[in-house]
Amino acid sequence: MKQFCFSAKITAIFFIMAISLFPDVQTASAQQWQAGVASTVITPREPIWLGGYGGRETPALGKIHDLHLKALALSDPRGNRAVIVTADLIGFSREYTEAVTAEITKKFDLPREAMLINTSHTHCGPETRSERDAVLGMPDEYKIKNARYVEELKGVCVETVGKALKDMKPALVTFAGNEMSAPFAVCRRVPTPHGIEYHSAPSSYYTGGPRDDTVPVLKVAAPDGKLRAALFGYACHPITLSIDYYCGDYPGFAQQYVEEAYPGAVAMFMQGCGAQLVPNARFQIEYAQGHGRTLADAVKKALDGPQTEISGPLRCAYREPLLQFKPLPDRGVLEEAAKSKNNIPAAPLLDPAKAALILKMMDKGEKIPTTVPCPVQAISFGKELLLVGLSGETVVDYSVSLKTEFQGRFVWVAGYCNSVFGYLPSWKIVREGGYEGGRAFSYTLYPGPFAEDVESRTLTAVREAVKAVDDKGARTP
Ligand SMILES: [Zn+2]
């Protein structure tokens, strides 16, 4: 007995010594998180049509730097898996994301709710939402070339996820969320005595209004502490640049600078709810680089600072509420609008081009959509961190409201996930009107604007998704 106690004591001493000599090794094996990461260059091999802005006159003239599609695969100690995909692209339609995720489910047995696909929304990437051909003025030659690129990209996405899953090995998964010390996002919805005005020139942006200045960072390190992946976010429309070159805008530069600072690591940018938030300096490469540097510095500060350990379990839920459009005006009203010369009318459906498009659809006997699915996703990493992924060009109001509602843990709200159908405004913004309130629907095939219950329909679905991950045990201490 004595001998047993003695040997147990010796074992304990060795164990304590091992922990103090190799703290990271011990933490990794105790947590047993696994992670895998993969990055693929997706810069088109030929000049194709760029997304984001209407009125382009040329395809891409070259590249500033490469565009990437990246995947981070995570598995908690119980084997629950999730994959997060980020891409330097304008956005995907729901149909596209569904096709890609269905293939991933078939190949890798990963359920739909465990996959989140986020796009940075760079306006210097190829147009990947083929349903917008009709409203973007894309020449026929590029309708074919862009469609070919988008089709090939499906395989690239599935392969990249496969590589990340194959790369799974023990990892230290931690988290840090810092307020950015020099936020560069400002509001382009400017309050005036006559209502909200939409401004595109930095000199007249509004420095008040809601923002989300947090830079959340999920850190994935090898057991020896070496950084393998950094997934980070910020909420700001990536429209520093308006050029005809492939470029990731400020998120592309931020990823580049983080990867340069940690050789061998993959940096992934996840766009936040920044629809009405825009960079405070625009239209020069140096500004995109400067914003990228500011964001990369905030990421580095988080990576090298105190970390919150992620306990798990990893839980995922996905919901798809239907958002309702306001009823169409009478045919006579649309016919009048189609003849009008006013390109910035009070109501989005009275835009001449949009009214003409709807009339054309009616004449062909096509069904005018009355609703659009709005995917929402909740990924819980345990009691410390909740990631909510919203679709559409999400306004920051959602981030502000969800962070308040689910306070008690860190809430990371990403926009531009899974389906970028158009703007996702809040109730307040629908009432105020303006570009994000409905006028931007002129550039989609949807009638728009949304009915005033858009926010309550979205938030109800988010609450259901969060309840689902919490009921599965994520909040159990
Ligand atoms: Zn946009």
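Atoms within a ligand are numbered from 1 in the order they appear, just like the ligands themselves.
Judged by distance alone, with hydrogens and angles left aside, the side-chain atoms of Glu127 form a donor-acceptor pair with the main-chain N or O of Arg129 at under 3.5 Å.
Classification of the Tyr96-Phe92 ring pair by plane angle, with boundaries at 30° and 60°, yields parallel.
Between atom CH2 of residue Trp49 and atom CD of residue Glu141 there is a gap of 9.0 Å, rounded to the nearest 0.5 Å.
The NE2 atom of His121 and the NE2 atom of His237 subtend an angle of 100° at the Zn ion (ligand 1), given to the nearest 10 degrees.
Side-chain atoms of Phe184 and Tyr287, non-hydrogen and from C-beta on, never get closer than 4.5 Å to each other.
Between the Zn ion (ligand 1) and His123 there is no N/O/S contact shorter than 2.8 Å.
The Zn ion (ligand 1) sits nearest to atom OE1 when only the N, O or S atoms of Glu393 are considered.
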